[in-house]
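None of the values given here were measured: they were computed from a predicted structure.
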Amino acid sequence: MTGLLRRAPLALPLLGVAVALALTTDSFLTGGNLENVLVAAAIVAIPGLAMTLCLAMGEFDLSIGSTVSLAGVVCCSAIIDGVPAPLAMLLALAAGALVGLANGLVVTKLGVTPFIATLATLVIVRGLSLAYTDGHDQIVSSATLKYLVGGRPLGVPMPILLAVVAGALAWWTVNRTRFGRWVCAVGSHREAARVSGLPVDRIRIAVYVLVGMSGGLWGLLISSQLQKGNGQLGLGFELDAITVVVLGGTALLGGRASVLGTVLGAVLIETIRNGLNLLNTPPAYQRISVGLLLVTALALLALRRTPAPAPAVREVTA
Amino acid sequence: TDPNAPKDDKVVVGFSVYDMQYEFFQKMEKGTREAVTAKGWEFKLHDEKSDENEMVTGAQALIDSGVDVLIISPFKPSALGPIIAKAKAKGVPVIVDDIGGGGAPYDAIVISDNSGGGKLAAEYMAKQIAANGKTGKNVASITCEPSAVYAARRNAGFKEAIEKAGFKVVAELSGNSKAEEGYKVMKDILAKNPDVAGVFACNDPMGVAAANAIKDAGKSPVKDIVAVGFNADPEALTAIKADGLAATVAQDPTAMGALTVKLAEQALNKTAITFDNAAEREVYNPVQLISKDNVDTVK
Amino acid sequence: MTTTDTRTAAPEPVLADRAERPSLGRLWDTWGITAILLLLLALTPLVAPGFLQLENLQSVLRESAYLGIVAAGMTFAIAAGAFDLSVGGQLALVSVVTLLAYGAGGTPAAVGAAIATGLACGLVNAGLITKLRVPPFVATLGTLFVFRGVAYILTQDGPQTLPYDQIGSPFVKIGGLNVAGVPLPFVIMLVVYAAAWVLLRRTATGRRVLAYGSSPAAARFCGISAGRIQLFVFALVGLSVGIAALTYITRVWTADGSAQDGFELKVIAAVVLGGTSLKGGKATLIGTFSAVLLVSVLNDVLVGQGVPSAYQRIVLGCVLIVALTVDGLRTRFAVPGSLRRAVAGLAGRSTDPDSA
Amino acid sequence: MPAESPVLLHVDRLTVEFPGVRALDGVHFDVRAGEVHALVGENGAGKSTLLKVLGGLHRPAAGEIRLGERRYRPRRPADALHAGIAVIYQEFNLYPDLTVAENVFSGREPYHRLTRGIDYAELNRRTAQLFGTLGVHLDPARTVGSLTVSEQQLVEIAKALSVDGRIIVMDEPTAALSADEVTRLLDVVRRLRAEGRGVVYVSHRLDEVFAVADRVTVLRDGRHVHTGDLAETSQEDLVRLMVGRDVSAATRRTGAVRDDVVLDLDQVSAGRQLREVSLRVRAGEIVGIGGVAGAGQPELSQVVFGALGVDTGAMTLDGRTYRPSTPADAMAAGVGFLHEDRKSSGILPDLSVRDNLTVSVLHRVRAALTRLLSPAAQTAVFAEHRQRLAIRATGPGQLIGQLSGGNQQKVLFGRALAPGGRLLVLNEPTRGVDIGAKMEIHQLIDEVTAAGTAVLMISSDLPELLGVSDRVYVLAAGRIVGHLTGDDRTEENVIACATTGRRVFSEVAA
Ligand SMILES: Nc1ncnc2c1ncn2[C@@H]1O[C@H](COP(=O)(O)OP(=O)(O)OP(=O)(O)O)[C@@H](O)[C@H]1O
Ligand SMILES: Nc1ncnc2c1ncn2[C@@H]1O[C@H](COP(=O)(O)OP(=O)(O)OP(=O)(O)O)[C@@H](O)[C@H]1O
Ligand SMILES: O[C@@H]1[C@@H](O)[C@H](O)OC[C@H]1O
Ligand SMILES: [Mg+2]
Ligand SMILES: [Mg+2]
């Protein structure tokens with residue numbers, strides 16, 4: 001238990017919130033509601049896991065919200081145009097990967113700082129979705145697409161299954177593969193990684209492609225729920241994805257990645273949101289509660305952290 | 001008219017639109033533009049892009065560019081003040097389209113009867129619940145972002161009428177006008193109140209999303225939980241036809257656009273306008289309840 | 001076997017001052033975006049004849065001010081290696097409180113409330129960062145929600161609005177007046193930039209901010225206190241939001257919790273586009289200033305030419321990338337000789353010894 | 001070294017240019033199998049630049065490199081690794097957030113045959129084995145960010161050895177090492193030579209060069225001035241070739257020490273690193289602190305500078321209670337400080353030389369009336385320091401990051417002098433500094449003591465420690481285990497105290 005708490009300090013606030021909700025509401029602990037929370041958490045955890053790699057690399061991708069919209073538009077308009085649904089879904093993932101590739105190339109080959117590069121693609125990609133649809137909903141009715149959120153293989157809702165697989169893969173990648181270690185190496189000290197002969201550009205591009213694809217999957221999940229795609233979906237999602245990662249404790253300066261933290265961060269955020277709704281909290285108070293809980297949880301984490309000795313070498317990349 | 005006549009003679013209408021990303025406003029723009037060009041007048045468009053700063057800057061720029069009359073569908077009605085102040089200084093009449101007037105001295109406002117629309121939704125919901133043979137007395141409401149005054153009116157109209165019909169609004173939560181949030185909020189409502197008999201959403205993206213959540217929970221948004229939206233967006237009409245939504249309240253943005261042009265002409269000619277609500281200088285555009293019974297009559 | 005070179009040159013006179021010629025790269029750091037702005041301004045009249053009309057120019061300058069003023073404050077935060085994600089929430093909250101104060105006590109109360117609320121927001125951030133040791137990114141992400149939340153609570157019954165009958169009030173003049181043809185908000189912005197420039201370049205505090213941003217560890221041993229720097233920059237951002245809110249609210253007359261959604265990204269983008277490094281230690285206020293105007297002018301031209309908003313986005317995004325590509329390529333080719341080689345390669349010549 | 005053994009590396013007419021600087025100008029140089037070839041020269045002579053070209057970090061403007069018979073044109077660091085060239089750079093290239101083992105084998109992590117994941121057991125085993133050959137114990141699983149500078153240097157060395165290259169290039173590898181670590185490193189270098197590899201060895205410590213190298217090449221101002229067998233070269237010749245004039249060795253003139261005690265530590269303890277330390281420094285006196293790495297030297301200096309809190313015990317400065325809680329307090333009391341880690345805790349890389357010099361005394365370069373900084377006053381400070389310290393910079397506005405390591409050190413020395421009053425705390429004042437500059441810094445230390453300043457100097461360079469200090473304290477495990485004055489100040493005594501636990505306390509005369 002103490003080991004878990006050390007590696008996943010977020011477990012404590014999560015437990016606190018859950019106990020509080022169990023005591024103050026009679027519906028929080030029902031099976032249906034817990035499934036709600038976990039499905040919602042799974043949906044944001046999936047892109048959160050890719051974003052974890054990006055933050056561990058010391059960079060971040062602001063364009064993911066627009067990718068959500070683009071993926072939905074690509075998938076749904078393809079289905080409308082008669083493309084078989086599975087293929088349409090692959091096309092959406094490819095579109096996400098393409099956005100990631102564009103980000104990666106602009107960041108590495110043109111040397112544009114990631115903040116601006118991905119902010120620019122945020123604007124451009126949403127512009128593309130809007131221009132392509134001319135602001136119209138792309139409405140579908142696809143059982144295949146629906147299976148992504150509605151399917152229950154082995155009795156487990158698909159999003160949860162996907163998130164578990166993604167989480168396991170992410171954990172393995174970060175802790176047991178060269179690629180994962182190299183991502184952390186680049187985040188810890190990019191110049192050192194270059195001097196050590198790591199293929200820094202390719203690592204960075206790969207991470208952006210992963211984030212792009214996860215954005216594509218996120219878009220598919222949203223479009224699966226709503227059975228439509230349009231240029232307005234996914235607005236502001238970039239902050240949601242980054243928030244769960246940061247809440248999970250992956251250092252913003254890069255170099256370290258907490259996969260478990262990200263998953264718990266997603267569960268915590270969604271538990272809070274669900275709880276506020278169960279308590280019928282007026283919208284004005286919802287925001288302030290989320291903000292206060294965020295700050296409190298992180299202040300607690302920061303206070304618990306013993307100050308690390310000043311690293312002898314540290315490069316902040318942004 | 002003489003094509004060689006000096007340009008000055010031609011009436012120029014400036015139209016500032018809320019956001020051309022939305023079909024609702026695309027239709028409103030179409031109705032306005034067509035009515036303007038039909039009169040042989042010139043049409044100038046500005047897109048506020050859902051931003052109050054852009055709204056003020058752009059509308060003032062239209063006035064600066066010498067329009068004879070300004071029609072505006074304001075992103076933030078409460079930011080109309082500085083625009084109307086400038087218009088007054090230059091003697092340009094202002095007709096507001098939809099959303100709200102924010103208390104500024106515009107010449108007239110064309111507005112859907114939002115409160116009446118909420119009432120229509122409530123009456124339909126009560127009737128349909130009974131027709132479904134349900135006895136539950138609990139309903140829910142999903143609201144737009146807290147700052148949307150027009151949407152608050154819809155909710156207030158709905159609430160008053162549904163309570164009068166003997167129901168109780170057990171959950172009133174915001175989906176911030178967004179489909180994604182409307183879906184999640186509906187899931188939370190279902191978890192807490194599995195027995196709700198109906199749900200009203202302040203716009204169609206949230207309404208259809210809530211209906212999807214109901215379907216994903218294995219229930220019908222027509223027979224089990226009566227889901228009603230607002231707007232008659234194409235997605236709502238499609239859903240109604242497929243039993244994926246019970247009803248919506250239709251506004252007619254194209255007609256509203258045409259109506260604003262008519263009022264603009266009256267204002268230019270200084271002829272008196274007949275108001276539905278003289279105190280607020282409101283001219284109502286009727287709303288209509290659309291369900292499976294009449295969905296085919298909507299174009 | 002010993003070889004000693006005979007062609008050893010006379011030892012370089014160590015103390016002679018080699019002519020200090022600022023390198024092209026460093027000139028670009030400070031002036032690059034200004035050059036792009038001037039280029040745009042030179043081309044604009046060709047594509048958009050209406051642009052040069054006095055009223056249009058006034059409008060561009062007037063509407064740039066609030067973003068520009070906050071960007072000046074943000075330049076300090078970024079120079080110190082941090083950034084403030086909460087400015088959108090701050091702007092909403094300050095604007096709401098300012099309107100409430102105006103209702104209660106008129107212009108002086110409103111001006112006082114704006115400054116005080118802005119500073120208070122900055123101090124809340126500073127407190128979280130220095131006292132509770134929450135990293136700035138996280139702390140300001142949290143307060144972004146909190147400030148907007150408080151603004152929402154204060155506007156639950158509808159947005160705070162300046163009543164129309166206040167049209168003659170001196171308060172409204174802040175946003176509406178022209179001073180010798182120049183909009184007052186822009187005059188305020190100019191004054192803010194002048195003061196910010198002096199603060200950054202000519203005061204001990206400004207130098208310490210840059211020192212801290214360049215290397216927090218080394219700055220510590222120069223007697224610079226991290227807490228004081230963070231307190232200073234976050235308070236300064238708050239103050240800048242306070243001033244900016246005055247020019248903002250007197251132009252749009254209304255505010256609620258949703259005011260200027262996404263403001264933080266626009267502000268940070270302007271600062272970075274201007275040439276201030278997110279790594280800290282390097283800052284250019286001239287760059288920030290030009291970047292703010294660049295984005296405004298571009299927006300004005302696109303809007304004025306009736307470009308649909310979807311395409312406006314695409315153009316704006318591409319311009320962001322292109323503007324920073326020049327800078328990015330410069331850093332990329334900072335490897336000695338590589339830029340020359342690249343240029344020579346383009347010209348079909350070769351100075352590469354390897355390919356000889 | 002067999003003269004007929006094959007040439008592994010041949011550098012010809014190599015020229016490298018930076019904006020405004022020609023760092024290398026037609027340099028030639030070669031390395032044979034089974035040879036240790038030393039590369040020496042003053043700060044800024046171009047040594048590191050040459051090595052960076054070999055490592056694929058810089059591309060030359062002209063010239064040619066051959067490996068054996070093959071042309072060698074590295075475009076990126078990976079090319080150097082593939083060609084069998086391993087480089088230890090002067091500046092560390094480590095990932096602070098990763099473990100020692102992950103750093104050492106970065107890019108070459110072993111995979112487990114069954115799980116297809118990184119085999120951490122194997123990784124750590126190989127790393128421990130490498131450290132074994134270096135004769136040090138370092139936990140492979142420790143995070144590099146938590147290591148001391150000397151431990152980080154050892155990681156860099158292990159990293160280069162792990163490559164198993166034919167040519168090993170070392171840029172000032174001993175600058176941060178303690179005496180016994182240096183001894184072990186030199187043994188490793190000899191072993192590499194015996195294995196038939198070529199070693200390029202850069203150092204400012206000529207005793208090491210003479211101890212380990214076969215041939216030497218001297219660079220001056222980016223040009224080649226000499227290549228020859230070390231057996232045929234005397235130390236004086238070498239120094240003359242490097243600096244172009246004669247330089248005398250470090251000796252402390254005596255007589256400047258006054259009676260008044262400036263700094264007095266009484267039973268000071270701080271954390272686990274410093275225990276019941278008592279010492280005194282008088283006006284005009286240079287007190288040296290010796291010991292193996294990790295004995296508490298940086299902690300002692302930081303306690304005096306207010307960067308580390310005192311748990312128990314008391315300090316006085318000029319007889320008054322002295323409890324600085326921040327470096328600013330210490331500076332206000334007239335205490336100057338030089339950090340041992342130039343790169344991460346010394347320079348402000350984005351700031352100019354002028355700003356780096358004045359940043360801790362900004363109140364002195366302000367106009368009296370407006371309190372605004374005066375660029376003229378700052379430039380005057382720069383001019384004065386450049387004159388005094390012979391700093392090679394193109395001008396006051398040059399970024400400090402662009403100076404050679406030694407010149408950066410001189411700027412930081414100048415900064416430490418700035419508070420300019422009572423006490424100067426110097427950590428490794430001449431680390432990475434060339435012999436000429438070293439003498440100049442020693443002279444400067446002398447000069448400031450003549451004016452009555454007290455100096456507390458920490459140095460792992462024994463000749464410096466003994467040659468410059470009036471008295472020497474030796475630290476071991478946070479305690480003072482030796483106090484050497486007069487003729488007791490010998491290398492043997494220092495090493496004995498520091499490593500064997502023998503305690504030597506001289507009779508204090510005054
Ligand atoms: N960020 C900081 N870190 C450390 N010391 C500081 C910092 N800011 C100010 N000081 C020190 O605090 C003392 C008094 O503050 P004061 O306001 O007079 O600063 P200052 O040096 O005059 O700089 P400025 O006039 O630019 O604010 C001075 O000794 C100054 O060096
Ligand atoms: N990236 C760079 N940009 C500009 N000038 C540089 C750069 N790197 C090195 N120089 C300059 O090139 C010259 C040679 O520097 P180099 O680091 O090779 O010297 P060095 O012989 O290694 O000195 P030291 O003994 O101090 O380490 C110096 O004048 C230095 O200022
Ligand atoms: O009903 C309309 C709403 O759906 C749209 O989004 O904003 C304007 C409203 O009138
Ligand atoms: Mg001061
Ligand atoms: Mg060097």
Side-chain angles (χ1 to χ4, degrees), chain C residues 1-12 14-15 17-26 79 198 201-208 210-225 228 277 279-283 334-338 340-341 351-356, chain D residues 3 16-20 23 57-64 71 73 220-221 223-229 232-233 241 244 305 307 326-328 330-332 337 339 341 344-351 355 358-360 362-363 366 371-373 386-387 390-392 394-398 415:
Chain C
M1 48 142 281
T2 295
T3 57
T4 300
D5 259 60
T6 45
R7 51 190 174 100
T8 306
E12 180 207 0
V14 171
L15 303 176
D17 223 334
R18 265 183 241 165
E20 205 180 344
R21 194 160 36 93
S23 71
L24 211 61
R26 284 177 77 184
V198 170
R201 296 278 165 224
R202 287 285 180 273
T203 68
T205 302
R207 204 51 50 93
R208 291 188 188 112
L210 289 169
Y212 177 78
S214 185
S215 170
R220 176 160 174 256
F221 290 101
C222 299
I224 293 168
S225 127
R228 293 175 72 158
S277 159
K279 291 179 201 167
K282 265 189 265 181
V335 182
S338 56
R340 200 179 26 148
R341 261 196 304 277
T351 58
D352 191 340
D354 298 341
S355 57
Chain D
V16 173
E17 286 172 354
F18 296 111
L57 289 182
H58 287 335
R59 285 216 243 157
E64 180 180 292
R71 272 292 269 295
R73 284 179 281 191
R220 194 194 308 156
D221 294 323
R223 297 194 187 88
H224 175 269
V225 289
H226 170 87
T227 294
D229 285 349
E232 300 165 10
T233 317
L241 285 165
F305 194 55
T326 63
M331 291 194 315
F337 183 87
H339 199 281
D341 190 344
S344 77
S345 301
I347 60 166
L348 300 162
D350 303 301
L351 270 56
D355 285 338
T358 54
V359 67
S360 53
L362 291 169
H363 54 279
R366 291 194 298 206
R371 308 202 346 125
L372 296 182
L373 295 179
R386 175 155 71 169
Q387 178 85 40
I391 296 168
R392 270 167 211 246
T394 56
Q398 189 176 20
R415 185 204 285 166

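Note that CD1 of Ile224(C) and OG1 of Thr326(D) are 11.5 Å apart. Values are rounded to the nearest 0.5 Å.
Between chain D and the options Ser277(C), Ser215(C), Cys222(C), the largest number of non-hydrogen pairs under 4.5 Å is found for Cys222(C). Between chain C and the options Ile347(D), Leu351(D), Thr358(D), heavy-atom pairs under 4.5 Å are most frequent for Leu351(D). Your options are His339(D), Arg415(D), Met331(D), and the one with the most heavy-atom pairs under 4.5 Å with chain C is His339(D).
The minimum heavy-atom distance between Asp350(D) and Lys282(C), with the atom names listed, is OD1-CE, 3.6 Å. Considering all non-hydrogen atoms of both residues, Arg207(C) and Leu362(D) come closest at CB-CD1, 3.8 Å. Nearest heavy atom pair, residue Leu348(D) against residue Ala218(C), reads CD2-CB, 3.9 Å. Of all non-hydrogen atoms in Phe221(C) and Ser345(D), the two that sit nearest each other are CD1-O, 4.1 Å.
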